[in-house]
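For reference, the structure is listed below as structure tokens.
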Amino acid sequence: MSFLKNLFSSGDAKNLYSRAAELYKEKKFSEAYDIYTQILDATNDIKAYYSRALCSYYSGNYDDAQSDLIEVKKIDANYSPNIFYFLSRIEYANDNYDEALEHANAFINRTNTKAEGFYIRGKVYEALGMLDEATKDFNQTIELKPDKVDAIIMLGIIKYDKEDLKKALIDFNKAIEINPNSSNAHNYRGMTFYKLGKFDDALKDINKAIELSPTYADALYNAAVIYNKKEEIGKAVELLERLFTFNDDFVDAYLLMGEIKTEADDPDGALAVYNRLLEIDKSNSEVLKKRAILKRKIYDFDGALEDLNSAKSFNENDHEIFFLLGMTEFERKRCCESIEYITKALELSDGNREYLYQRGIVYLHCKEFQKANFDFTKIIDTNEKAYRSYYYRAITKEKLADTQGANTDYTKALGDPEFFDAFIARGKLKYKNEDFNGAAIDFGKAVKLKTDNARAFFLLGSARRKANKNNEALEDLNRSIKLNPNYADAYCIRGFINFSVRKYRDALNDWENAVKLDNKFGQVLKENIEQTKAKL
């Protein structure tokens with residue numbers, strides 16, 4: 001220490017300053033930092049504090065930079081207006097926008113190079129959502145410095161966020177014209193093309209951004225999103241894995257990878273992704289929800305409940321969490337708990353129709369038919385095309401012995417002419433009321449919608465048999481059995497038709513097959529089988 005003090009007192013300190021300055025110019029910030037630290041061990045020199053702050057700043061060590069800049073400000077706040085410029089950038093990087101704004105204003109008031117001040121203040125305003133003020137500052141930046149590409153890009157980003165995509169493109173085009181090597185401009189222009197549905201143009205730009213900046217994480221992620229959208233899954237995965245080699249905590253990238261693996265029916269891979277995300281942030285309720293949804297898909301309902309309850313502890317006002325809790329409890333056949341959670345989800349979401357619809361289904365399964373009817377009616381009152389709600393309300397009306405109301409609602413549900421289940425349900429109701437021709441018409445429409453559905457052909461054959469159309473019925477039942485050779489009910493009914501037309505051997509074979517496939521027919525058909533054998 002005494003040596004350094006003597007060095008400074010003798011005036012030889014200039015050598016240290018010169019060496020540090022050379023290292024700084026060569027961007028050897030760490031080595032320059034060490035020399036400035038040596039200088040500060042011997043003297044409280046403001047220049048050394050300021051220079052060391054810049055070494056820290058450009059090394060990405062914002063905390064040390066901020067500490068030294070504050071020290072400079074204490075010694076002499078008028079030493080350099082750049083004190084406030086760098087403090088503003090540091091506070092902006094740390095998401096301390098109020099402090100960043102204060103420092104940006106101080107810089108603008110103290111400097112003649114106002115373009116950079118307007119630019120950083122514009123970024124702060126943009127982060128605060130004060131877009132008109134941000135736009136004004138970026139425009140002032142460009143007036144003072146027309147080739148300030150970053151300001152042009154920021155104007156484009158504001159327009160992009162406002163969905164003013166054509167005007168955003170103008171800004172990004174201008175930025176690329178000034179600097180064809182701006183990876184940011186290519187990335188954002190690519191995302192603008194993506195929003196406009198021009199996927200190939202989007203990929204051309206974003207891949208150019210990656211070429212210019214191979215570790216540009218946002219560009220790699222954006223390209224993966226587009227490839228995934230185009231169903232080029234291999235390319236999407238390749239880009240994400242490349243991203244993870246240098247950025248191991250990119251949450252959105254992990255979420256995308258989790259979705260890809262889930263869609264690819266790779267639950268173990270998806271779980272590994274979500275587990276990694278929760279290592280990054282164990283309190284991320286969105287990730288906990290996604291992992292819970294995945295666990296429900298693989299029937300790990302206890303695990304799903306554990307995740308959802310954890311998510312709820314971090315976010316007690318998320319209606320989706322309560323809805324998922326309700327649906328998970330429903331899958332565990334716990335009706336009371338399911339209804340309680342879904343009702344809470346409805347309260348938090350101010351009456352989400354999907355939640356109301358699902359609660360109606362839970363009520364229906366729990367045999368609370370009046371309450372189910374109320375929920376479906378509430379949906380129908382606000383949407384006359386709620387065909388599935390008509391369908392389920394029809395079921396509740398059947399349960400409540402309102403046959404006419406049920407028939408009316410099934411007919412309303414068939415406002416969707418491809419609603420297979422509604423044709424089946426209305427046909428069964430007509431069959432029950434002995435309108436066999438009407439039932440056959442509905443079942444006939446159902447088989448046209450699903451030509452490979454054995455049950456629909458069975459129902460059609462049963463209705464035609466009752467309508468004394470044995471030949472058509474026989475064809476339908478043959479088709480049903482061909483589609484499902486183990487359909488015991490179809491063998492049973494076909495046996496009755498064969499018996500009625502005196503094909504006793506065929507009838508006996510059908511009934512014996514029915515008994516073989518389903519023990520319930522052993523007693524039901526015992527007498528018929530004995531009578532048929534006697535006829536043979």
Side-chain angles (χ1 to χ4, degrees), residues 1-128 137 140-141 144-145 147-151 154 215:
M1 178 68 74
S2 60
F3 166 74
L4 284 171
K5 287 184 178 179
N6 290 334
L7 182 64
F8 273 86
S9 64
S10 67
D12 291 337
K14 290 182 180 179
N15 293 331
L16 282 176
Y17 272 116
S18 296
R19 179 59 183 149
E22 288 174 10
L23 292 167
Y24 179 86
K25 189 175 181 180
E26 294 170 8
K27 297 186 179 180
K28 296 179 179 179
F29 300 121
S30 177
E31 294 176 46
Y33 178 93
D34 290 341
I35 293 177
Y36 287 125
T37 299
Q38 290 179 47
I39 294 171
L40 287 168
D41 284 341
T43 179
N44 194 34
D45 185 67
I46 191 170
K47 179 181 176 182
Y49 273 120
Y50 180 71
S51 299
R52 189 171 73 169
L54 296 190
C55 290
S56 296
Y57 179 85
Y58 288 115
S59 298
N61 191 343
Y62 292 158
D63 288 344
D64 285 350
Q66 185 177 39
S67 178
D68 278 346
L69 288 167
I70 290 171
E71 194 64 35
V72 173
K73 191 155 73 86
K74 284 180 185 176
I75 297 170
D76 182 1
N78 295 316
Y79 175 75
S80 169
N82 287 340
I83 299 168
F84 299 95
Y85 172 76
F86 286 109
L87 283 171
S88 180
R89 293 195 72 97
I90 290 167
E91 295 290 11
Y92 173 82
N94 290 328
D95 298 334
N96 298 325
Y97 301 126
D98 290 338
E99 293 85 348
L101 186 60
E102 180 183 340
H103 292 308
N105 285 328
F107 175 65
I108 291 168
N109 292 333
R110 287 172 166 81
T111 187
N112 293 323
T113 57
K114 294 187 183 295
E116 292 301 325
F118 288 131
Y119 174 70
I120 185 59
R121 189 173 70 178
K123 291 195 72 173
V124 176
Y125 279 139
E126 191 270 340
L128 288 167
D137 270 354
Q140 285 188 285
T141 303
L144 294 167
K145 196 174 181 181
D147 61 349
K148 179 70 174 176
V149 168
D150 288 343
M154 288 305 302
T215 58

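The backbone N or O of T113 sits less than 3.5 Å from a side-chain atom of T111, completing a donor-acceptor pair. With hydrogens and angles ignored, the 3.5 Å screen pairs no side-chain donor or acceptor of S88 with any backbone N or O of F84. T141 places a side-chain N or O within 3.5 Å of a backbone atom of D137 that can act as its donor or acceptor partner. Counting only distance, with no hydrogens or angles, the side chain of T43 and the backbone of I39 share no donor-acceptor pair below 3.5 Å.
The distance from the CD1 atom of I75 to the CD1 atom of I46 is 5.0 Å, given to the nearest 0.5 Å. Atom NZ of residue K145 and atom CD of residue E116 lie 4.5 Å apart, to the nearest 0.5 angstrom. In this structure, NE2 in H103 is found 6.0 Å from NZ in K73, a value given to the nearest 0.5 Å. Rounding to the nearest 0.5 Å places NZ of K47 at 13.0 Å from OG of S80. Here the CD1-CG distance, from I120 to N105, works out to 11.5 Å after rounding to the nearest 0.5 Å. A distance of 12.5 Å separates OH in Y49 from CD1 in I70, rounded to the nearest 0.5 Å.
Summarising the geometry of D64 relative to Y33, their closest heavy-atom pair is OD2-OH, 3.9 Å, with the distance given to 0.1 Å. L144 and A115 make their closest contact through CD1-N, 3.8 Å (heavy atoms, listed as atom of the first residue, atom of the second, distance). Scanning both residues, S59 and S30, for their nearest heavy atoms gives OG-N, 4.5 Å. Across Y119 and M154, no two heavy atoms sit closer than the pair CE1-CG, 4.0 Å. Across all their heavy atoms, I35 and A20 have their closest contact at CG2-CB, 3.8 Å. For R121 against A104, the heavy-atom pair with the smallest separation is CB-CB, 3.9 Å.
Side chains of R110 and N78 form a contact here, defined as non-hydrogen atoms less than 4.5 Å apart. Under the 4.5 Å side-chain criterion, counting only non-hydrogen atoms from C-beta, Y50 is in contact with L69. Two residues are said to be in side-chain contact when any heavy atoms from C-beta on lie closer than 4.5 Å; F29 and L54 fail this criterion. Contact check for Q66 versus E91: side-chain heavy atoms found under the 4.5 Å cut-off.
Taking F107 as the reference, Y85 meet the ring-ring contact (aromatic ring centres under 6.0 Å, His included) condition, with sequence neighbours excluded.
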Practice task
Take E22 and R19 through the salt bridge (Lys or Arg N to Asp or Glu O under 4.0 Å) test and state the conclusion after the steps.
Solution key: CA-CA 5 Å; E22 288 174 10; R19 179 59 183 149; 3.4 Å; yes

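Y36 and D45 are not linked by any side-chain donor-acceptor pair at a separation below 3.5 angstrom, with hydrogens and angles left out of the test. Looking only at atom types and distance, the side chain of D95 has a donor-acceptor partner in the side chain of Y97 under 3.5 Å away.
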